[in-house]
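I have placed the structure first, in the form of structure tokens, so that the comments after it can refer back to it.
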Amino acid sequence: MGTHLSKQLERRKAISTEKKALADLQQSCGCEFPGCDYTPSDRKAWMAGVGPDKLHINKIVWPGTHDSATNKIGIRFVSRPFAQCQSLSIYNQLVAGTRVLDIRVQEDRRVCHGILKTYSVDVVLADLKRFLSETESEIVILEIRTEFGHEDPPEFDKYLVEQLGDHLIHQDDGVFGKTVAELLPKRVICVWKPRKSPQPKRGDPLWSAGYLKDNWIDTDLPSTKFESNLKHLSQQQPAASRKFFYRVENTVTPQPDNPILCVKPVTNRIHCYAKVFIIECVKRGCADKLQIFSTDFIDKDFVDACVGLTFARAEGKA
């Protein structure tokens with residue numbers, strides 16, 4: 001009992017120290033980065049606002065959501081707080097400016113997060129298609145993976161192609177150098193990551209797992225995650241020369257050895273430091289490597305930071 005209590009006190013001290021480290025960094029780093037003064041007039045159509053003919057796919061800073069379809073996961077007030085990473089529906093996330101979705105499925109095509117499950121993936125696709133029908137120039141990256149510990153849904157690749165049809169941008173390395181305008185009217189890059197089923201191949205309507213990479217570390221320590229994100233990002237090639245998407249996630253996650261297991265109070269330890277991360281990327285010379293930037297509980301400040309840097313790149317200012 002005494003050993004367990006001692007470890008808990010050490011953990012709380014470490015968390016407090018790391019929260020202070022980020023707060024101090026925020027105080028010292030200033031508040032400016034290329035494009036920080038740009039605010040999209042319409043987040044629902046921010047790509048159209050920046051200019052589809054100026055937006056190259058490999059120069060966009062894509063605002064993404066982590067565990068995107070968890071707004072209704074589990075049982076409200078009971079299990080939901082332990083797995084909910086977004087409070088908005090998929091449609092409302094897209095309207096708010098999200099352009100990368102992270103969807104995990106199990107064998108019956110229901111969305112899940114660990115052992116908890118929610119609605120069918122049909123709901124996700126219906127929301128996505130609704131958004132596409134209401135906009136003209138917005139490209140969305142849809143990542144769908146089979147959740148760890150589950151089996152692949154049968155013939156899921158065929159299902160995705162049937163559902164998304166003409167919206168799909170086919171797997172092709174040449175896409176990265178093209179502008180949004182050059183890809184229209186196709187609108188969706190769908191990355192399918194099965195656990196056991198065959199991976200999509202070059203020229204297929206779907207993209208294989210190697211086209212969306214990250215260096216996830218499972219921690220609830222905010223400064224540790226922040227610095228790890230910067231370290232791994234700095235080791236990448238510039239986004240303009242990569243033939244895959246690289247994601248950085250501005251999140252921390254609850255740990256079983258810590259008494260705070262609900263997602264929101266834990267991820268809030270890093271949530272407000274997205275702009276600080278971009279500023280540090282600029283200071284440390286790796287801003288040109290930032291591409292997909294994801295978060296829990298996405299909000300307008302996060303979207304505006306990503307769109308602002310994208311605008312600066314499109315204008316040749318970053």
Side-chain angles (χ1 to χ4, degrees), residues 47 52-53 55-66 68-69 90 94 98-105 109 111 121-122 124-129 131-132 135-148 151-216 236-249 289-294 310:
M47 289 184 174
D53 57 330
L55 274 180
H56 286 81
I57 296 300
N58 57 12
K59 292 187 178 180
I60 296 170
V61 181
W62 302 76
T65 49
H66 167 244
S68 306
I90 293 298
L94 292 167
T98 300
R99 293 296 178 266
V100 182
L101 300 172
D102 160 24
I103 309 297
R104 291 89 178 290
V105 295
R109 296 183 183 171
V111 178
V121 74
D122 291 346
V124 172
L125 299 182
D127 275 9
L128 172 57
K129 287 188 282 188
F131 172 76
L132 295 174
T135 55
E136 296 181 355
S137 304
E138 308 304 301
I139 303 287
V140 177
I141 299 174
L142 172 64
E143 178 199 32
I144 302 189
R145 69 178 94 170
T146 302
E147 181 70 306
F148 181 77
E151 296 297 318
D152 299 325
E155 298 188 325
F156 195 62
D157 53 347
K158 295 179 181 178
Y159 162 79
L160 290 172
V161 174
E162 288 171 358
Q163 290 292 311
L164 295 172
D166 292 339
H167 293 303
L168 292 170
I169 298 167
H170 289 212
Q171 183 182 150
D172 179 0
D173 287 359
V175 165
F176 293 97
K178 292 184 177 180
T179 63
V180 168
E182 289 174 309
L183 295 176
L184 298 175
K186 297 183 181 295
R187 310 274 300 282
V188 178
I189 296 172
C190 183
V191 182
W192 164 225
K193 296 182 174 182
R195 293 189 64 226
K196 298 179 181 178
S197 302
Q199 288 279 336
K201 299 180 177 62
R202 181 178 176 84
D204 284 355
L206 307 179
W207 294 61
S208 57
Y211 281 101
L212 204 169
K213 302 179 183 180
D214 53 37
N215 285 283
W216 172 264
Q236 302 300 313
Q237 292 178 314
S241 60
R242 286 198 299 261
K243 299 300 182 183
F244 61 88
F245 296 100
Y246 184 78
R247 174 172 52 204
V248 173
E249 300 204 68
K289 302 178 180 183
L290 186 61
Q291 192 171 41
I292 295 177
F293 198 25
S294 291
T310 299

- Considering residues at least two apart in sequence or located in another chain, which fulfil the ring pair (Phe, Tyr, Trp, His ring centres under 6.0 Å) criterion with Phe156? Tyr159, Trp192
- Message: Checking the side chain of Asp204 only, and the main-chain atoms of Leu206 only, is there a donor and an acceptor separated by less than 3.5 Å?
- Response: no
- Message: When you compare the side chain of Gln171 with that of Lys201, does any pair of heavy atoms fall below 4.5 Å?
- Response: no
- Is there side-chain contact between Ile189 and Leu212, with at least one heavy-atom pair below 4.5 Å? no
- Give a yes or no on this: more than 12 heavy atoms of other residues, nucleotides or ligands lie within 6.0 Å of atom NZ of Lys59. no
- Supply the atom-to-atom distance Asp102 CG to Arg104 CZ, rounded to the nearest 0.5 angstrom. 4.0 Å
- Message: Is any side-chain heavy atom of Glu143 closer than 4.5 Å to one of Arg247?
- Response: yes
- Task: Please work out whether the ring planes of Trp216 and His66 are parallel, tilted or perpendicular, with thresholds of 30° and 60°.
- Result: parallel
- Message: To the nearest 0.5 Å, what is the distance between CD1 on Ile139 and CG on Leu183?
- Response: 5.5 Å
- Message: Take a 6.0 Å sphere around NZ of Lys243 and say whether it holds more than 12 heavy atoms from other residues, nucleotides or ligands.
- Response: yes
- Please lay out, stage by stage, how Ile60 and Met47 fare under the test side-chain contact (heavy atoms from CB on, under 4.5 Å). CA-CA 9 Å; Ile60 296 170; Met47 289 184 174; 4.1 Å; yes
- Item | Nearest-0.5 Å distance, CG of residue Leu160 to CG of residue Leu125 | 6.5 Å
- Query: Is a side-chain donor or acceptor of Thr310 paired with a backbone partner of Val61 at a separation under 3.5 angstrom?
  - Reply: yes
- Message: Below 30° counts as parallel, above 60° as perpendicular, anything between as tilted: where do the rings of Trp207 and Phe176 land?
- Response: perpendicular
- Note on the structure: Rounding to 0.5 Å, atoms CG (Leu142) and CG (Leu94) come to a distance of 9.5 Å
- Audit row: Phe131, Val140, side-chain contact (heavy atoms from CB on, under 4.5 Å) steps and yes/no: CA-CA 10 Å; Phe131 172 76; Val140 177; 4.1 Å; yes
- Are side-chain heavy atoms of Arg202 and Asp172 found at a separation under 4.5 Å? yes
- Going from CG on Asp173 to CZ on Arg242, what distance comes out if it is rounded to the nearest 0.5 angstrom? 13.5 Å
- Task: Please name the residue in the list Lys186, Arg187, Arg99 that meets the salt bridge (Lys or Arg N to Asp or Glu O under 4.0 Å) test with Glu138.
- Result: Arg99
- How far apart are the closest heavy atoms of Gln236 and Asn215, and which atoms are they? NE2-ND2, 3.9 Å
- Item | Over all atoms of both residues, closest heavy-atom pair of Ser137 and Val180 | O-CG1, 3.4 Å
- Message: To check you understand the geometry: which heavy-atom pair defines the closest contact between Ala209 and Gln199, and what is its length?
- Response: N-OE1, 2.9 Å
- Task: Under the salt bridge (charged side-chain N to carboxylate O under 4.0 Å, His left out) rule, collect the residues that match up with Glu136, sequence neighbours excluded.
- Result: none
- Query: Rounded to the nearest 0.5 Å, how far apart are NZ of Lys178 and CG of Leu184?
  - Reply: 11.5 Å
- Message: Check whether Asp152 reaches the backbone of Ser197 with its side chain - one donor and one acceptor, N or O, closer than 3.5 Å.
- Response: yes
- Side-chain heavy-atom pair Phe293, Val100 within 4.5 angstrom cut-off: no
- Do you know the tightest heavy-atom contact between Ser294 and Ile292? OG-CG2, 3.7 Å
- Task: Can you see which heavy atom on Ser68 is nearest to which on Ile103, and at what distance?
- Result: CB-CD1, 3.9 Å
- Item | Any residue meeting side-chain contact (heavy atoms from CB on, under 4.5 Å) with Lys213, in chain and number order, not counting sequence neighbours | Phe244, Tyr246
- Do Val124 and Ile144 come close enough that some side-chain heavy atom pair is under 4.5 Å? no
- Task: Could you tell me which non-hydrogen atom of Gly203 sits nearest to which non-hydrogen atom of His170, and how far apart they are?
- Result: O-ND1, 3.2 Å
